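See structure below.
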Amino acid sequence: MPARKTTEEELLEHLRATVKEAEDLLNEASKVGADKADELRSRAKAALESVQANFQHQKEEVIQRGKEAAGVADAYVHDNPWRTIGAVSAVALLLGIIIGRK
């Protein structure tokens with residue numbers, strides 16, 4: 001779990017830095033001529049592409065983790081079918097009682 005939080009913090013920090021860089025580039029672009037604006041535009045585009053690539057990487061990592069978790073759950077259910085049925089039945093009974101009271 002700590003690794004996930006670190007990844008989220010890294011992603012947010014990268015996003016904040018990129019937004020700050022884009023703001024700085026926009027402020028600078030308003031003060032310079034057309035030739036310098038092209039350079040600033042390309043730098044801003046590179047920064048945004050970096051964020052997009054980082055988000056894509058994080059998305060792929062989350063998908064992979066989800067697939068691994070589903071595989072582990074599937075293996076557990078196949079190895080312990082009666083425990084799983086008992087647990088699901090208990091949860092369903094508790095939900096029925098809670099819903100029935102309302």
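Quick note: numbers below take in every heavy atom, side chains included, and nothing from hydrogens, waters or symmetry partners. All values derive from a computational prediction rather than experimental measurement.
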Residues at least two apart in sequence or cross-chain that pass side chain to side chain contact (heavy atoms under 4.5 Å, CB included) with Leu94, listed by chain then number, are none
The remaining residues in the hydrophobic cluster of Leu95, counting side-chain heavy-atom contacts under 4.5 Å among Ile, Leu, Val, Met, Phe, Trp and Tyr, are Val91
The side chain to side chain contact (heavy atoms under 4.5 Å, CB included) partners of Arg101 (sequence neighbours excluded) come to Ile97
Sorted by chain and number, sequence neighbours left out, side chain to side chain contact (heavy atoms under 4.5 Å, CB included) with Lys20 holds for Glu23, Asp24
For Ile63, the hydrophobic cluster (side chain heavy atoms closer than 4.5 Å, chained through members) also holds none
Contacts satisfying side chain to side chain donor-acceptor pair (under 3.5 Å) that involve residues 77-92 (not counting sequence neighbours) are Asp74-His78
Residues pairing under salt bridge (Lys or Arg N to Asp or Glu O under 4.0 Å) where one sits in residues 53-63, two or more places apart or in two chains, turn out to be Glu61-Arg65
Contacts of Ser50 meeting side chain to side chain donor-acceptor pair (under 3.5 Å) (sequence neighbours excluded), chain-then-number -> His14
Sorted by chain and number, sequence neighbours left out, side chain to side chain donor-acceptor pair (under 3.5 Å) with Gln64 holds for Glu68
